[in-house]
Amino acid sequence: MGAVRIGYTLPAAMNFEDIKELVRIVAGEASLDEVEVERSGVRVRIKRSGASVEAAAEPVASPPAADPVSDADAPASTPAPPPAAVAPPSEAAPPEEPGLAYVTSPIVGTFYRSPSPDADPFVSIGDTVAKGDIVCIIEAMKLMNEIEAEASGEIVSVFVENNHPVEYGERLFAIRPR
Amino acid sequence: MVSAAARQTDRHLDQVLLFLTRNRTVPVSGEKLARDLGVSHSRMFRMIDRLRGMGVEIQGEPFTGFRLMRLPDVIVPDLLRERLRTREFGREIHHLYTVDSTNAFAERLVSGQDPPHGTLVVAEEQTAGRGRLGRRWISHPGAGLYMTLVLRPEIPISMAPLMTLGAAVAAHESIERVTGLDVDVKWPNDLLVGGRKVSGILCELQAELDRVSSITIGIGINVNHTEFPDEIAPIATSLSIETGRRHSRIEVLLDFLATFERLYGEFLAGGPGVVMNAWTRASSFASGRRLEVHDGFRTIRGATDGLEAPGGLRIRQADGSVEVVYSGDVISWE
């Protein structure tokens, strides 16, 4: 089968929603068996397998050569945050422990455990938190993002050190729900 | 916090200025002013004194009537609204004569109410103006623009930091247009004139699941400051210090709101590249600049190599490898 053109313009920034949209397109297009998209160092392959559609993402060895911001006409390449539901953000991360709730970073940035350098941490191991309590701040480009506990319970792990960079989808805390 | 009584006083002060501005050719009797506002005579006179203390030139006495000698550079919402060139930015205005910080006020707004997209919080004075990592922002009364804009873009959280770069680009453009100064953007969003800081931006994100609920964009611009405390004097400056004349905060604000709204619309239509390209054009820090960035636990040295979405700074190190920083201070540059 030759190349099939579909009426879909890829956004400069691929996020999880965009990948879900691609899956929907493949699922709804009987003439398509497989779609592969590469965006800024992440390759996403969506393949029809019988009646279902599978998606996989992997980092690409060399990023695109184009200068991301040199050409006003070309949208700047946006390294898609690795889609959390498609590929785990970090190969090194140990498997999730069943029964624990994980707080993950919604953004690439720097992890702060306290509201200012000389203040006490929002939470420490052993603390009890309620769903919605602020547990840390992630900063990117002076945008402060207060992260809330996703479940009520006890903080059992803190995965990142204060002031350290975090990736999109990286685990920050584990909570044992109560 | 700002008490309900203080908010009432803010509104009365705005009304006095509005009334005096609209009746500039004739003296306005203090009695009539007090009656129209529904306040006592003595309260009325205290408000006139307070406005005079802020540098507003009001001539006259209670029994001869009051008259404004010169249009004050005070942001009276009804007067600002008449001159706005925007559809949404600044259409809802909270004008405060004194506040802890406009960011804190805006955060209380978004947590309690549902302020519309484009809501502007602007203060004449901040008692606890703040910067990154709990740092202080010098907020001399009436000298600077101390404001927070509440935006409610329908974008994923991952794109939200672009708004802080966009705000810097817009402020850069407006200040250059209004003052004629040559302004630079230091990554990510400080504005410099002659290597010294004239404006800083600090934002907070409010999110629900993976969507942005609102972004509060706090911006401080040193407009008519004549001096700074010793500890920051070597690194801070104001528009007035640089040009040698006073500038209208209102003109800077009007231009900024129009410029930022236009860039924001272009971003929604065109994607992240719009903001990143605009930033790259505005900043001498975008590429080939040798610098050091400290991000809290490490220092990265090298030459800048463009932006990485959504606004990280690419730094090519001596060994040729590229590090991307997403937060931190540019601590030295050549």
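Computed from heavy atoms alone, side chains included, the values below leave out hydrogens, waters and symmetry copies. Every chain is numbered from 1 and lettered A, B, ... according to where its sequence line falls, protein lines coming before strand lines.
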For this session: Say whether, by atom type as modelled, one donor and one acceptor occur between the side chain of B:S199 and the main chain of B:G220 under 3.5 angstrom.
Result: yes

Problem set entry | Pairs of heavy atoms under 4.5 Å with chain B: top-ranked of A:E161, A:E139, A:M141, A:M144 | A:M141

For this session: Would you mind checking which part of B:L313 comes under 4.5 Å of any heavy atom in chain A, side chain (CB onward), backbone (N, CA, C, O), both or neither?
Result: neither

For this session: Go through the atoms of B:I217 and report whether side chain, backbone, both or neither lie under 4.5 Å from a heavy atom of chain A.
Result: neither

Seminar exercise, completed: Okay, B:R298 and chain A: the region with an atom under 4.5 Å from a heavy atom over there is side chain

For this session: Run the salt-bridge test on B:E323 and B:R301 with the 4.0 Å N-O cut-off and return the result as yes or no.
Result: no

For this session: Can you tell which part of B:W279 gets under 4.5 Å to a heavy atom of chain A, answering side chain, backbone, both or neither?
Result: neither

Problem set entry | Salt-bridge criterion met for B:R289 and B:D305 (N-O under 4.0 Å) | no

Problem set entry | Ionic contact status for B:R136 with B:E231, cut-off 4.0 Å | yes

Exercise. Salt bridge or not for A:K131 and A:E150, using N-O below 4.0 Å?
Worked result: no

Problem set entry | Part of B:L202 lying under 4.5 Å from any heavy atom of chain A | both

Seminar exercise, completed: Per-residue tally against chain A (heavy atom, under 4.5 Å) across B:D295, B:T216, B:N189, B:I215 peaks at B:N189

